Trainee: 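Just dropping this structure here.
So you know, we letter chains A, B, ... as the sequences are listed, proteins then strands, and number each from 1. All of these numbers come straight from a predicted model, not from anything done at the bench.
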Number of protein chains: 4
Amino acid sequence: MTPREENHEARQEKQAAIFDAACRVIREKGFHQARMADIAREAGISYGLVYHYFGSKSELFDALVEEWFSAVEILLDRGLDRFETIEEKLGAVADFFLDQYEKRPDLVHVSITEFSRSTGNLTPDRLVRFKRLLSKVEEVIRQAQDQGSIRPDIKARYQTYVFLGAVDSLLSTMVLENQPLKGQAQRQRLAQAILTIFFDGARPKSG
Amino acid sequence: MTPREENHEARQEKQAAIFDAACRVIREKGFHQARMADIAREAGISYGLVYHYFGSKSELFDALVEEWFSAVEILLDRGLDRFETIEEKLGAVADFFLDQYEKRPDLVHVSITEFSRSTGNLTPDRLVRFKRLLSKVEEVIRQAQDQGSIRPDIKARYQTYVFLGAVDSLLSTMVLENQPLKGQAQRQRLAQAILTIFFDGARPKSG
Amino acid sequence: MTPREENHEARQEKQAAIFDAACRVIREKGFHQARMADIAREAGISYGLVYHYFGSKSELFDALVEEWFSAVEILLDRGLDRFETIEEKLGAVADFFLDQYEKRPDLVHVSITEFSRSTGNLTPDRLVRFKRLLSKVEEVIRQAQDQGSIRPDIKARYQTYVFLGAVDSLLSTMVLENQPLKGQAQRQRLAQAILTIFFDGARPKSG
Amino acid sequence: MTPREENHEARQEKQAAIFDAACRVIREKGFHQARMADIAREAGISYGLVYHYFGSKSELFDALVEEWFSAVEILLDRGLDRFETIEEKLGAVADFFLDQYEKRPDLVHVSITEFSRSTGNLTPDRLVRFKRLLSKVEEVIRQAQDQGSIRPDIKARYQTYVFLGAVDSLLSTMVLENQPLKGQAQRQRLAQAILTIFFDGARPKSG
DNA sequence: GATGAATGAGTGTTCATTCAT
DNA sequence: AATGAATGAACACTCATTCAT
């Protein structure tokens, strides 16, 4: 490893430490209540050093947004095509969110409490990226309608609301109550519950 | 009408005007970006007068929260019992939110973007009120399970996520895209779509 | 009594009520902490009415100052000449302050805590009036020196500090501890103690 | 000197500079009229920096109060015991105040005009510290009464009023008239005058 | 006279950002 | 790179004063 590479790597690490600290602080206090001083203290570095790695508070926030949306976009761009059935595809979507929450609860917390709804933080640019998720799921559902595996009498958009709303509600509740999520088994149980209702409905099987 | 009553009424009106102005400004810019000066200007009154009617910015915000939650609580406490079937009850819930959005889009907007998820604004007290909605719907669903009108093999809590998540997603999307909602017909179509998926599922009827 | 006189009298009474209220409130909270609203409430009248009787807060304060200094000036101008001896004259001065404190403790309180020392309130104009007291006592003492009834080897000005300082300390202590003063007997005991020390000194009579 | 010590020392110096600036500004305009901006300008630093060193305006004021009372308390606790006679002890008290006024006229000015009498600024806590001075002098005088060096027929408390009142009046006058005090000779003349009157009285020696 | 709503200048405090070392 | 002192714009809140009724 060249000195240059070492240097670069050290930089990456420190940046990641600040990033994580920001996640924790913003999760705890919200974006507006989170002060740069809090983040520096949480990261164990000096006040001014944050500005060496992130040009401003909003740039630091942008990095969180970017981290989140890029993960979502990888899912949307490359994570669904390998599945055949709509059940698998939507299962992969649900899995993705639950998996993210297990691995990076702070980031998911922040994504839910700070950027997915807040007027102040949801810039037009971010809104566009947010809507891509809706559009992609809608598209997947519409294709399934074409193939006859999803009912055609309800607009794909509405079916999207039901499905993504369920995932979002579940995550939101866990986030707001600070419930941790542990293990694939639990994840699958949750995903299964949502998928079952979504596909088969809440009405008991008659007979 | 006595002078005292007139006075009182005038006070109510002015307070409502400030309330509405606050709604619009907070909807537009978010709570933290909304300056008291903006609200005063929007209400067409002087800076200091806001403080005649609301003791502080956070008290003004509390009033919005109160207005919203008290409407929700009326629904929860008195709005569902007169219905017999689970379909009617959940239909009433969906109707309520769509109706509120039609009548008071600013307040609903603020409720979604500012207090239902934001860590900074969601005080423990508000979280409790927020969770009452979840609990009530869960209770209604559990009763329906007991009566055999909702499938018993999925926890009521998960079914609640699906139903309320659908409503929330729908509203959130309309709110974030500033889509107006007009007329009972449109409301019913939306509610019907959600209820149909929720009860019957997305899977096409086989055969 | 003509209607005009009645009117005038009513005005006087109301003004006096506001004056007294101001005394009490300013005594309680200090001039800067005393709000016009507090004074109006204490006087049992409406907010704006204070401005019918006193043009501004500082005018109201001026009225208190005036009331106090005019009493002092009556003492200085007409209250001492009828006495012959220096003992009687200084006794009259001590008596005056103790008597005022008994009769109008609020006004004396305010005079001590708000205008005799406070930089912010002691305008040049008021300082001049304040110094007249010092000068008058100094003059009285100097005359006594000339007549051989006060020792000549210490500047009259310094003797003035001792005498007035003693009176001021006594009053200040009573004021700061909210001690009431009741009856001529108590007044005379206090005055006597101060005069005895002042004239005869603290040293025990040798032999 | 280690870097850390240098740093610490620099901090102390800057803090002292702000302290002194606050003294001057508060002396000039009074506590309430003194704006933080004035103090910053007087100290030659930026607005916000004052808050780096003192958390709030009232904390800054507290620092002045503390500085003054701690000096007084050193006198009371350790400054009088080494003297034998009551003349020496009270002389030390008078000397102390005159010495402080010569060395730190601004602080003494502020102590007289802002915290020794003002209702608004004299918190219960400060009142207690203020009364310790009275109590200590009273105690010293009482001991002298027991030893026969102060007349026993007048309450020690009243004799305290005469002595401290004299010192206070002298200082107050100098402060209100902005008279500087220079040199030990002048100090001694003033102290001597007060002590002479206090001990021997104003009455000329008969015979 | 009497009321209290209305006005807006003034100020303490916060905190993102910059900069000297 | 690293530190933390320094800067100053921004903003909530107060309250003396005015004014319409």
Trainee: Let me know the distance between CZ of C:R41 and P of E:dA2, rounded to the nearest Å.
Mentor: 19 Å
Trainee: Hey, does the side-chain of A:Y51 have a donor or acceptor N/O within less than 3.5 Å of a partner on the base of F:dG4?
Mentor: no
Trainee: Give the rounded distance in Å between these two atoms: NE2 of A:H32 and P of E:dT14.
Mentor: 17 Å
Trainee: So if I take every side-chain heavy atom of D:R35 and compare against E:dC15, F:dA6, E:dT11, which nucleotide ends up nearest?
Mentor: E:dT11
Trainee: Among C:R104, C:E67, C:R27, find the residue that satisfies the side chain to side chain contact (heavy atoms under 4.5 Å, CB included) test when tested with C:V110.
Mentor: C:R27
Trainee: Over how many whole Å does the gap from C:L60 atom CG to F:dA16 atom P extend?
Mentor: 11 Å
Trainee: So that I know where these two stand, are A:F115 and A:F61 an aromatic pair - ring centroids less than 6.0 Å apart?
Mentor: yes
Trainee: Where do A:Y53 and A:Q15 come nearest, in terms of heavy atoms and distance?
Mentor: O-NE2, 3.1 Å
Trainee: Checking contacts here: which listed nucleotide (F:dT7, F:dA2, F:dT14) is nearest the side-chain heavy atoms of D:I45?
Mentor: F:dT7
Trainee: Take the protein atom CE of B:M36 and the nucleotide atom P of E:dG10, then report the distance between them rounded to whole Å.
Mentor: 20 Å
Trainee: Across the strands shown, which category fits B:A40 at heavy-atom distances under 4.0 angstrom: base, sugar-phosphate, nothing?
Mentor: nothing
Trainee: Which part of the nucleic acid, if any, lies within contact of B:Y53, taking any heavy atom under 4.0 Å across all strands shown: a base, the sugar-phosphate backbone alone, or nothing?
Mentor: sugar-phosphate
Trainee: Need to verify one output field. Residue with the more 5' nearest nucleotide on DNA chain F, B:A34 or A:G48?
Mentor: A:G48
Trainee: Distance check needed: F:dA6 P versus D:I18 CD1, whole Å only.
Mentor: 8 Å
Trainee: Which whole-number value in Å describes the distance from B:L49 CG to F:dA20 P?
Mentor: 15 Å
Trainee: Would you say the side chain of A:H52 and the base of F:dA2 hold a donor-acceptor pair, judged only by whether the two atoms sit under 3.5 Å apart?
Mentor: yes
Trainee: On DNA chain E, does the nearest nucleotide to D:Y47 precede the nearest nucleotide to C:S46 from the 5' side, or the other way round? Give the residue.
Mentor: C:S46
Trainee: Can you tell me the pairing partner of F:dT21 across any strand shown, Watson-Crick or G-U wobble, with both distances under 3.5 angstrom?
Mentor: E:dA2
Trainee: What's the separation between atom OH in B:Y51 and atom NZ in B:K57, rounded to the nearest 0.5 Å?
Mentor: 8.5 Å
Trainee: Measure the distance from NZ on B:K29 to C1' on F:dA10 and round it to the nearest whole Å.
Mentor: 13 Å
Trainee: Could you give the NZ-to-C1' distance, from A:K57 to E:dT14, as a whole number of Å?
Mentor: 11 Å
Trainee: A:E42 and A:V25: which non-hydrogen atoms are nearest, and at how many Å?
Mentor: CB-CG2, 3.7 Å
Trainee: Identify which nucleotide among E:dT11, F:dT17, E:dA6 has an atom closest to any side-chain atom of C:S56, counting heavy atoms from C-beta outward.
Mentor: F:dT17
